[in-house]
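Read through the structure below, which is laid out as structure tokens, and then see the notes.
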Amino acid sequence: MSFTWPLDPQDLFVERYPQMTLGLPADEVDVVRAAVTEMWPDRPGSWVYEWSALAARHAEAGSHRLAAQAYGWAKFPSLADDPKRTALARQVEQYALAAPGFPVEFERRTLTVPYRGGEATLPIHLIAAPGLPADAPVVLASGGVDSWKTDLHGMWEQLALALPARLLLFDIVGTGETAHLPMTPDGGAEVIAGLVSFARTIGNGKVGHFGISMGGYYSARTGLTGAVDASVVLGGPVERSFAPGRGFAFGMDGIVGNALGFDAMPSTAEREEAFAAFDLRPLLDQNANGPMLVVNGTEDVHVPLDDTLVFEGRRDTRVELIPDTGHCAISRFDEAMAVIAPWLKNALIG
């Protein structure tokens, strides 16, 4: 189930430009920005058309990594229609072609995990620094509702090269190559529990979990329950984000509605009912958490500052706020990584 919704594409450029230029040359992003006048139709001037045209040029030139990045923006922000799903398929193809040139070891697998009394299948990526021993720890890692495992490859490379650990990359339920499973708190947690069980069998048994944005919601869950040996929450919503009356910016209402499995824009009452189940207050009231690192930018327009500050004073928990940057500290990500990588290394290796 999916739906499109009224969305000014130029608003997305305003918010996501720093993220776009992490993986693509700024001059190319600027050309697409100037060309895009509408969001959903697949024709000249539309979001998916102009980003796909850039991607196709890179693919033809053999620049498969850049092609994968551009197709990633073509399918952004949601798999709301067939052109977006086509762009995702092309992104995966170009990413596979780029993989032999990665500076990290890379493997793509399909896993089957328990899910709601049956099973669910999802693709994962395993990456590691060259020559990493087989008995290294494993860190699960994911993005959020609109930036997925393939989109964030540059970040994962940076982390993998800084850690003596193997990364297991996946898309949270309701998104990317796991969009066939609606985003729910318990269903998503069950899929992740299956990934944690698998991860404990392919390394030395130690497992961390690094979640970005909505992925940080799930890493907060595994951290608060002590299900993993170390948990990093980067810009994760945990409580106030799901409170009644919360508004959305930059098209996030439609992005979240699609991830939740609605087939039309949910009403405020429908969305608030769905969101109520995500509130982590019952876990926050307990004292069972393992080691946790909680990080975000001070200027986040999506996740209230309270959802980071609520972790202050907990045992085995470090809270870091990075000033003058927004959601997930994306415009100052190197500073965030300078905190995250050594903390994870110490938590998993000592």
Side-chain angles (χ1 to χ4, degrees), residues 1-3 19 23 48 51-52 55 59 64-65 67-99 102 104 106-116 118-127 138-157 160 166-184 187-196 198-199 202 209-219 255-262:
M1 297 191 294
S2 59
F3 63 91
Q19 186 177 343
V48 70
W51 279 113
S52 294
H64 301 297
R65 180 164 179 163
Q69 287 291 306
Y71 276 128
W73 287 109
K75 54 83 180 149
F76 183 87
S78 179
L79 303 181
D81 55 19
D82 286 338
K84 298 288 189 181
R85 288 185 280 271
T86 296
L88 173 62
R90 290 174 177 166
Q91 181 192 32
V92 172
E93 291 171 356
Q94 289 300 311
Y95 186 75
L97 290 171
F102 293 161
V104 292
F106 172 83
E107 180 184 0
R108 180 176 167 91
R109 290 193 190 184
T110 299
L111 291 187
T112 299
V113 297
Y115 181 73
R116 293 186 170 178
E119 293 180 330
T121 300
L122 66 157
I124 66 162
H125 297 162
L126 295 168
I127 70 170
V138 177
V139 176
L140 273 65
S142 80
V145 291
D146 57 34
S147 298
W148 308 328
K149 63 182 183 299
T150 301
D151 306 320
L152 301 174
H153 181 81
M155 297 182 185
W156 307 139
E157 276 188 352
R166 184 164 281 101
L167 302 188
L168 188 162
L169 311 175
F170 67 101
D171 297 326
I172 61 172
V173 293
T175 75
E177 293 188 280
T178 318
H180 56 291
L181 308 176
M183 189 176 72
T184 62
E190 187 177 14
V191 168
I192 289 169
L195 296 178
V196 170
F198 169 75
I202 61 170
H209 186 183
F210 176 23
I212 299 176
S213 191
M214 194 63 195
Y217 165 81
Y218 289 105
S219 62
I255 296 169
V256 169
N258 269 283
L260 290 169
F262 287 96

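No experiment lies behind these values; they were computed from the predicted model shown. Values reported hereafter were calculated over all heavy atoms of this structure, with side chains retained and with hydrogens, waters and symmetry mates removed.
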Practice prompt. Write down the atom of Thr150, the atom of Gln69, and the distance for their closest heavy-atom approach.
Written response: O-NE2, 3.9 Å

Practice prompt. Mind listing the closest non-hydrogen atom pair of Gly215 and Ser142 along with its distance?
Written response: CA-OG, 3.5 Å

Practice prompt. Indicate yes or no: at least one non-hydrogen side-chain atom of Val138 is less than 4.5 angstrom from one of Ile202.
Written response: yes

Practice prompt. With side chain to side chain contact (heavy atoms under 4.5 Å, CB included) as the test, would you mind laying out the steps for Phe210 and Leu140 before giving the verdict?
Written response: CA-CA 6 Å; Phe210 176 23; Leu140 273 65; over 6 Å; no

Worksheet item: Are any non-hydrogen side-chain atoms of Phe106 and Glu157 less than 4.5 angstrom apart?
Response: no

Discussion item. So Leu122 and Glu177, do their side chains get closer than 4.5 Å, heavy atoms only?
Written reply: no

Practice prompt. Please report the C-alpha distance between Val113 and Leu195 in whole Å, then the side-chain angles of each, then the deciding distance to 0.1 Å, and finally whether the side chain to side chain contact (heavy atoms under 4.5 Å, CB included) criterion is met.
Written response: CA-CA 7 Å; Val113 297; Leu195 296 178; 4.3 Å; yes

Worksheet item: Does Glu107 pair with Arg166 as a salt bridge, N-O distance under 4.0 Å?
Response: no

Worksheet item: Taking C-beta and beyond as the side chain, do Ile124 and Arg108 meet within less than 4.5 Å on heavy atoms?
Response: no

Worksheet item: Any ion pair linking Lys75 and Asp81 (charged N to carboxylate O, less than 4.0 Å)?
Response: no

Worksheet item: Just by distance, do the side chain of Trp156 and the backbone of Lys149 share a donor-acceptor pair under 3.5 Å?
Response: yes

Practice prompt. Test side chain to side chain contact (heavy atoms under 4.5 Å, CB included) on Ile172 and Tyr217 and set out the steps.
Written response: CA-CA 10 Å; Ile172 61 172; Tyr217 165 81; over 6 Å; no

Worksheet item: Between Tyr95 and Phe102, how do the two ring planes meet: parallel, tilted or perpendicular, split at 30° and 60°?
Response: tilted

Worksheet, complete the sentence: When every non-hydrogen atom of Ala120 is compared with those of Tyr115, the smallest separation belongs to CB-CB, 3.6 Å

Worksheet, complete the sentence: Heavy atoms of Gly144 and Thr175 approach each other most closely as O-CG2, 3.7 Å

Worksheet item: Given side chains that start at C-beta, do those of Phe3 and Phe262 come closer than 4.5 Å, heavy atoms only?
Response: yes

Worksheet item: Between the main-chain N or O of Phe76 and the side-chain N or O of Asp146, is there a donor-acceptor pair closer than 3.5 Å?
Response: no

Worksheet entry | Minimum-distance pair of heavy atoms, taken over all atoms of Leu79 and Gly176 | CD1-O, 3.6 Å

Discussion item. When you compare the side chain of Met214 with that of Met183, does any pair of heavy atoms fall below 4.5 Å?
Written reply: yes

Discussion item. With heavy-atom distances below 4.5 Å as the criterion, would you say the side chains of Leu88 and Tyr71 are in contact?
Written reply: no

Fill in: Side-chain donor or acceptor of Thr178 paired with backbone N/O of Asp171 under 3.5 Å
yes

Worksheet item: Quick one: does His209's side chain get under 4.5 Å of Leu168's, heavy atoms only?
Response: no

Worksheet entry | Check ion pair Asp82-Arg85 (N to O, under 4.0 angstrom) | yes

Worksheet item: Which heavy atom in Gly194 sits nearest to a heavy atom in Pro114, and how many Å separate them?
Response: CA-CD, 4.4 Å

Worksheet entry | Short side-chain donor-acceptor distance under 3.5 Å, Asp151 and Gln91 | yes

Worksheet item: Between Lys84 and Val48, is there a donor-acceptor pair closer than 3.5 Å when you use the side chain of the first and the backbone of the second?
Response: no

Discussion item. For His125 and Phe170, I'd like to know if the aromatic rings sit close, meaning centre-to-centre distance below 6.0 Å.
Written reply: no

